[in-house]
Amino acid sequence: MSRYVQNFGASMPQSKHFDRTFNILRDLDRAATPDEIARLLVGAFGRYGILYVMAGIVPEPNLPARRHAGYVLASTMPEEWARRYVARGYALHDPTVRRLCTSATPFDWSAVQPDTATAGRVMNEATEFGIRAGVTIPFVTLDGEPGGISFSGEAIEIEAADRIAVNLVATYAVGQLLLMNSRPVPGEPVRLSPRERETLQWAAEGKTDAEIGVVMGITASGVDYHLRSARTKLDTVNKAHTVAQALRAGLIT
């Protein structure tokens, strides 16, 4: 997958915030892992009441819940809540996730109302872990996949002038996360993008490129693009070899 992000529409911060914002961007640029980026964001925005950050791409509706974790780019959410969220497939019912699929601008969670019983349960269960307020900044990858980066906590207060800087930093952080997700790190296990992993999963189940394209809502050439990208990362010679290597490495099941 192309792991670059289309514009969030964020503006440059006011001059009084420039130095602080520049320092955060510099630290993000130096970060070596998604976890480091997530921790930097929480540290930088803690003064607003932000305790947690989560960034990810929205899973395909027909994707099994057990594979949703592969769509998370970075998270500092409480471990128990993160496990429950993935195991129960809450990403497909979370009203904030559904909102970011139709919104190109940042929004406060207070403006989102659950429209189903399951959506209400997601919001209610989150409060058990001190997640009562939040703000989400949507993004769209160049593959057209919707995603978002969310900041949450017990209570969040961000002044209008500061929101511009927060949006800018979040935009940069997501770009870094997407890049990290697309390139192998020497000495580290290969990291496939969610689209690459999904393409290989369907290929492992015997589907042709055309059939995979129908399931994923992309063209056969799009499927070939993801397969070639995965082949490059796994250093394999053909589709069968790539699927076998991905299975061996535990990248697909």
Side-chain angles (χ1 to χ4, degrees), residues 1-5 8 20-59 65-87 90-91 94 96-97 100 126 129-131 133-139 141 145-154 156 165-198 230 233-234 246 249-252:
M1 179 192 312
S2 298
R3 307 311 253 164
Y4 294 91
V5 186
F8 276 7
R20 185 172 63 200
T21 302
F22 178 81
N23 288 336
I24 299 171
L25 294 178
R26 181 193 58 198
D27 290 341
L28 289 172
D29 196 46
R30 295 172 176 173
T33 67
D35 286 345
E36 187 176 351
I37 285 180
R39 290 193 299 269
L40 281 170
L41 291 173
V42 172
F45 298 148
R47 62 184 177 278
Y48 303 126
I50 290 171
L51 301 177
Y52 309 112
V53 61
M54 184 173 187
I57 297 168
V58 180
R66 69 179 184 277
R67 290 167 56 194
H68 287 188
Y71 283 66
V72 177
L73 299 173
S75 174
T76 63
M77 289 292 186
E79 189 173 337
E80 183 181 346
W81 172 238
R83 284 199 302 267
R84 183 189 304 182
Y85 193 91
V86 170
Y90 278 170
D94 188 332
T96 66
V97 174
L100 70 81
F129 302 90
I131 304 171
V135 58
T136 293
I137 302 170
F139 64 83
T141 71
E145 298 164 305
I149 180 167
S150 295
F151 302 99
S152 57
E154 286 276 0
I156 295 178
V166 170
N167 293 349
L168 176 63
V169 170
T171 302
Y172 191 79
V174 168
Q176 293 295 94
L177 289 168
L178 292 174
L179 285 171
M180 286 180 180
N181 197 58
S182 69
R183 64 191 180 205
V185 178
E188 294 291 331
V190 172
R191 293 174 62 87
L192 295 180
S193 73
R195 280 297 218 189
E196 292 162 355
R197 190 179 298 109
E198 183 178 3
K233 292 180 180 180
L234 291 166
L251 297 171
I252 59 175

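When reading the values below, keep in mind they use all heavy atoms of this one structure, side chains included, and skip hydrogens, waters and symmetry mates.
Between Val42 and Leu51 the shortest side-chain heavy-atom distance does not fall below 4.5 Å. With a 4.5 Å cut-off on side-chain heavy atoms, Leu100 and Thr96 do not count as touching. Here the side chains of Val58 and Glu145 are not in contact, with every heavy-atom distance at 4.5 Å or above. You'll find the side chain of Phe45 stays beyond 4.5 Å of the side chain of Val53, heavy atoms only. Looking at heavy atoms from C-beta onward, Val166 lies in side-chain contact with Tyr48 at the 4.5 angstrom threshold. The closest side-chain heavy-atom distance from Ile149 to Leu73 is not below 4.5 Å. Here the side chains of Ser152 and Met77 are in contact, with some heavy-atom distance below 4.5 Å.
Considering only residues two or more places apart in sequence or on other chains, Glu79 meets the side chain to side chain donor-acceptor pair (under 3.5 Å) condition with Arg83. Not counting sequence neighbours, the partners of Arg26 by the side chain to side chain contact (heavy atoms under 4.5 Å, CB included) test are Asn23, Arg30. The side chain to side chain donor-acceptor pair (under 3.5 Å) search around Thr136 returns Trp109, Ser150, not counting sequence neighbours. Residues meeting the salt bridge (Lys or Arg N to Asp or Glu O under 4.0 Å) test with Glu154, sequence neighbours left out: Arg132. Listed by chain and number, the residues in a ring-ring contact (aromatic ring centres under 6.0 Å, His included) with Tyr52 amount to none (sequence neighbours excluded).
With rounding to the nearest 0.5 angstrom, the CZ atom of Arg191 is 10.5 Å from the CG atom of Leu251. Atoms CG and CG, on Leu168 and Leu25 in that order, are 5.5 Å from each other to the nearest 0.5 Å. Residue His68 holds its NE2 atom at 13.0 Å from OH of Tyr90, rounded to the nearest 0.5 Å.
Contact record, Val97 with Ala91: CG1-O, 3.3 Å, taken as the closest heavy-atom pair. Nearest heavy atoms, Ala69 versus Val86: N-CG1, 3.9 Å.
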Problem - Worked verdict on Leu41 versus Ile50 for side-chain contact (heavy atoms from CB on, under 4.5 Å) - result: CA-CA 9 Å; Leu41 291 173; Ile50 290 171; over 6 Å; no
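Between Tyr85 and Trp81, the ring planes lie perpendicular to each other; the angle is over 60°, past the 30° to 60° tilted range.
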Pairs of donor and acceptor atoms involving the side chains of residues 31-40, under 3.5 Å and at least two apart or interchain, shall be tabulated with distances.
unit_1	atom_1	unit_2	atom_2	d
Thr33	OG1	Glu36	N	3.1
Glu36	OE1	Ala32	N	2.9

